[in-house]
Amino acid sequence: MAEKVKTVRGFRDLIGEEARKYRYVVDTARDILERNNFEEIILPTVEYTKLFARSIGEATDIVEKEMFTFQDKGGRDIALRPEGTAGVARAYIENKLYADGTYKKLYYEGSMFRHERPQKGRYREFHQIGAEVLGTSNPLADAEIIKIADDILKALKVDATIEINSLGCKKCRPKYREALLQYLKEHKEELCEDCQRRLERNPLRILDCKVEGCQLIAKNAPKITDYLCEECKTHHQKVKEYLKALGVEFVENPYLVRGLDYYSKTVFECVSEELGKTVIAGGRYDYLVEELGGPPTPALGFAAGVERLMLLVKELPKRPPLVLVIPFGGDREREEALKLAHRLREEGIRTELSYREGKIRKQFEFANKIGADYTIVVGENELKQGLFPLKNLHTREEIKLPFEEIVKVLKTQSG
RNA sequence: GCGGUGGUAGCUCAGCUGGUAGAGCAGGGGACUGUGGAUCCCCGGGUCGCGGGUUCGAGUCCCGUCCACCGCCCCA
């Protein structure tokens, strides 16, 4: 045999039930977003590398070491998108979606690529479904975005805790950063190696370090919420009020920070205890559009990790019952069975025509194997009488009816 | 990128200190020629992840490599 070609590391096939689970997660989220009057935006899979460098942040791991980048034949630096928000912001600016003076609600869905070490629920090609609202600073939008994330989790019956925080704005965040940095420097010796490094690069991240010693230090660190300016404080307060009004359960986590540089004010994460991982995350990014060369545009959004949600979805909606049409006899019977099978499909009934030849007994074994719920034998006697045996494989009951009666019976089952 | 565990039949796995590859389940056929999940009988199937080394001889020991999974980092 020739050498077998395998999938690229971190990439995989989704087959049958896995594929159905994928569709279920995506369709459920899409449904909720459509109901909230979000418009779909279908984005390119590749963008110029600098788009991500400028939006996500030069110094982040995603940009520094996790992007799939390459040069095209024209020597342009291109990257497979590692996330969706940057592309949405770029499209918003490029297509002047701000021109009509209203805010825009967009959602996207598709593959994202990060060159990380693969693990369960973490692949190099993974999928996100994300929503973005561009052009409003109204805290109603923050509350609604979080509510949608909550609705998706509830619809999928996934348990997760919603944690929220505010990262402040250009006015108040620097003051907080200053205070935090000063505090952390006083405790530098007690911090773990990683955190000593973070001190320079991204001190906010020390707050959610898992090392025990660091957590103790983090516990007594100044809280961002104590440093928020009036505007940010009011905004944060309003978001929480609206969430309560909506009955969305959440916990405040003053140490919640996000890994992407573009966030401001509201940030949130939906954390699954079962996975020990975040399944949906998002927040405000009021400066991103402007930093990418657009007009000043407050905005916010979230991204849901499809693979991670799939790991938590225990039950899929049932497929409609399956009917196996079994030809029995010769060419005439095969041809009739072929036509009758398509008659059933015309009516929306999930139908398999057996290509198996041989004993009737084997046909029934085949019916079980493929998970059929009903069988219809099409043989010489049936064609002569115009009556066909519809057998329920679960109850083993069989009724003989004219074909069009069978169609009616099955149609009510397929609802 | 770092640390750990593991890769043997379609699946789950066994294979002790090196001596020509096994079980259960699944699959195919028959007992049973127009009605299935039971039972019995028979059968097929493997470059032991890949490459190299040690050895008379390697699934087993050594080195390398790939892949999966777990933890870290990071993140959805």
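Reminder, nothing fancy here: chain letters follow the sequence lines and each chain counts from 1. Basis for what follows: all heavy atoms, side chains included, without hydrogens, waters or symmetry-related copies.
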Is a donor-acceptor contact shorter than 3.5 angstrom present between the side chain of A:K391 and the base of B:rG36? yes
Would you say a side-chain N or O of A:R361 is under 4.0 Å from OP1 or OP2 of B:rG37? yes
Tell me: CD of A:E333 to P of B:rG34, nearest whole Å? 13 Å
What is the distance from CZ of A:F364 to C1' of B:rU35, rounded to the nearest Å? 4 Å
Is it true that, when you exclude A:Q182 itself, more than 12 heavy atoms of the residues, nucleotides or ligands shown sit nearer than 6.0 Å to its CD? no
Indicate, yes or no, whether a donor-acceptor pair under 3.5 Å links the base of B:rU33 to the side chain of A:K359. no
Counting any heavy atom closer than 4.0 Å, what does A:R356 reach on the DNA or RNA strands: base, sugar-phosphate only, or nothing? sugar-phosphate
Is any side-chain N or O of A:K369 closer than 4.0 Å to OP1 or OP2 of B:rG28? yes
Need the pair for B:rG36. Rule: Watson-Crick or G-U wobble, both distances under 3.5 Å, any strand; none if unpaired. none
Should A:R122 be listed as having a side-chain N or O under 4.0 Å from OP1 or OP2 of B:rA76? no
Look at A:K223 together with A:E252 and state whether they make a salt bridge at an N to O cut-off of under 4.0 Å. no
Nucleotide opposite B:rU5 in a Watson-Crick or G-U pair, distances under 3.5 Å: B:rA68
Nearest-nucleotide 5' precedence on RNA chain B, A:K362 against A:T7: A:K362
Does OP1 or OP2 of B:rC67 have a side-chain N or O of A:R9 closer than 4.0 Å? yes
May I ask whether A:F126 stacks on the base of B:rA76, given the cut-offs of 5.5 Å between ring centres and 30° between planes? yes
Kindly say whether, by distance alone, the side chain of A:E382 makes a donor-acceptor pair under 3.5 Å with the base of B:rG34? yes
If only side-chain N and O atoms count, and only distance matters, is there a donor-acceptor pair under 3.5 Å linking A:E132 with A:T85? yes
Watson-Crick or G-U wobble mate for B:rC61, both contacts under 3.5 Å: B:rG53
Is there a donor N/O on one and an acceptor N/O on the other, under 3.5 Å, for the side chain of A:Q363 and the base of B:rU35? no
In whole angstrom, give me the gap between the P atoms of B:rC48 and B:rG22. 14 Å
Considering every strand shown, what is the Watson-Crick or G-U wobble mate of B:rU17 when both distances are under 3.5 Å? none
What is the nucleic acid contact for A:A367, judged by heavy atoms within less than 4.0 Å: base, sugar-phosphate only, or nothing? nothing
Let's test your reading of the model: under 3.5 Å, does the base of B:rC75 pair with the side chain of A:R308 as donor and acceptor? yes
Partner nucleotide of B:rG44 by Watson-Crick or wobble geometry (both distances under 3.5 Å): none
Can you confirm if the aromatic rings of A:Y107 and A:F38 lie within a centre distance of less than 6.0 Å? no
Does the side chain of A:H235 pick up a donor-acceptor pair with the side chain of A:D142 at under 3.5 Å? yes
